[in-house]
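Following: one structure in structure tokens, then a few remarks.
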Amino acid sequence: METSGAPHRLRGTPSWLLGQATTHAQRLVSEALGAVGARRYHYSLLAALEEFGPASQADLGRRGGLDRSDVVATVNELADKGFVLRRPDPGDRRRNIVTVTPAGAAHLRLLDRVLGHAQESLLEPLSAAEREELVRVLNVVLEHHG
């Protein structure tokens with residue numbers, strides 16, 4: 001994405017730069033995950049389940065920043081592929097608890113590699129130290145507004 005032709009005022013505006021970078025990043029990630037039949041939501045939910053363990057669909061939505069209806073659809077897709085199990089919560093039959101399966105954990109490792117390649121492509125012009133600093137600074141901004 002060419003930005004050198006944009007007005008100087010825009011090129012000096014972090015919000016505009018973040019928006020431009022986000023558009024490019026989302027395209028790279030969507031294409032990479034799509035090539036293996038996955039979506040960003042699949043990765044988000046599987047990563048949350050592996051890191052935090054079994055969870056309700058509502059908790060998964062909060063941890064992954066997903067809308068409730070998107071969580072239900074994504075859990076359905078992952079369950080159909082055998083990547084997660086959804087069972088009634090023994091303590092509250094009104095909600096479901098979702099658990100990652102061994103096949104889901106293996107699929108997550110594949111998605112980690114695929115996403116890693118997309119990140120490499122996105123951040124190719126940056127050194128390792130610059131990449132770490134970018135991640136650190138973005139986390140500071142998000143924590144402040146989160």
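A pairwise comparison of heavy atoms in K81 and G37 identifies NZ-O, 2.9 Å as the closest pair. For the residue pair L122 and A21, the shortest heavy atom distance occurs at CD1-O, 4.5 Å. For the pair A6 and R11, the tightest heavy-atom approach, listed with the atom from each and the gap, is O-NE, 2.9 Å. Of all non-hydrogen atoms in P54 and L49, the two that sit nearest each other are CA-CD2, 4.3 Å. The shortest heavy-atom contact between L60 and A48 is CD2-CB, 4.0 Å. Nearest heavy-atom pair, F83 versus L46, reported as atom, atom and distance to 0.1 Å: O-CD2, 4.1 Å.
For the side chain to side chain contact (heavy atoms under 4.5 Å, CB included) test, residues two or more places apart in sequence or in another chain that qualify with D92 are D89, R94, R95. Applying the side chain to side chain contact (heavy atoms under 4.5 Å, CB included) criterion to R136, with sequence neighbours excluded, gives E133, V140.
For the atom pair CG of L28 and CD of E31, the computed distance is 6.5 Å after rounding to the nearest 0.5 Å. Taken to the nearest 0.5 Å, the CD atom of Q57 stands 12.0 Å off from the CG atom of D70. Atom CD of residue E132 and atom CG of residue L123 lie 11.5 Å apart, to the nearest 0.5 angstrom. Atom CD1 of I97 sits about 5.5 Å away from atom OG of S56, to the nearest 0.5 Å.
Listed by first then second residue, pairs satisfying salt bridge (charged side-chain N to carboxylate O under 4.0 Å, His left out) with a partner in residues 39-61 read R39-E77, D59-R62, not counting sequence neighbours.
Not one N or O on the side chain of S121 forms a donor-acceptor pair closer than 3.5 Å with the backbone of H117. Remark: the backbone N or O of A79 is not paired with any side-chain donor or acceptor of R86 at under 3.5 angstrom. Using a distance-only test at 3.5 Å, with no hydrogens or angles considered, a donor-acceptor pair links the side chain of T101 to the main chain of G82. Here the side chain of S127 pairs a donor or acceptor atom with the backbone of E130 at under 3.5 angstrom.
Tested against L78 for a side-chain contact (heavy atoms from CB on, under 4.5 Å), the candidates V75, D80, T74 yield a single pass: T74.
In this structure, V135 is not a member of the same hydrophobic cluster as V29, with clusters built from ILVMFWY side-chain heavy atoms closer than 4.5 Å. Linking ILVMFWY residues whenever their side-chain heavy atoms come closer than 4.5 Å, directly or via other members, places Y43 and V36 in the same cluster. Residues L110 and L45 share a single hydrophobic cluster, defined by chaining ILVMFWY side chains whose heavy atoms lie under 4.5 Å apart. Using a 4.5 Å cut-off between side-chain heavy atoms of Ile, Leu, Val, Met, Phe, Trp and Tyr, with links allowed through other members, L138 and L126 fall into the same hydrophobic cluster. A single hydrophobic cluster is not seen to contain both L18 and V137; linkage of ILVMFWY side chains at heavy-atom distances under 4.5 Å, directly or through other members, places them apart.
In this structure the side chain of V141 reaches within 4.5 angstrom of the side chain of H145, judged on heavy atoms. Contact check for R87 versus L85: side-chain heavy atoms found under the 4.5 Å cut-off.
With respect to R131 and E120, a salt bridge is recorded, a charged nitrogen being found less than 4.0 Å from a carboxylate O.
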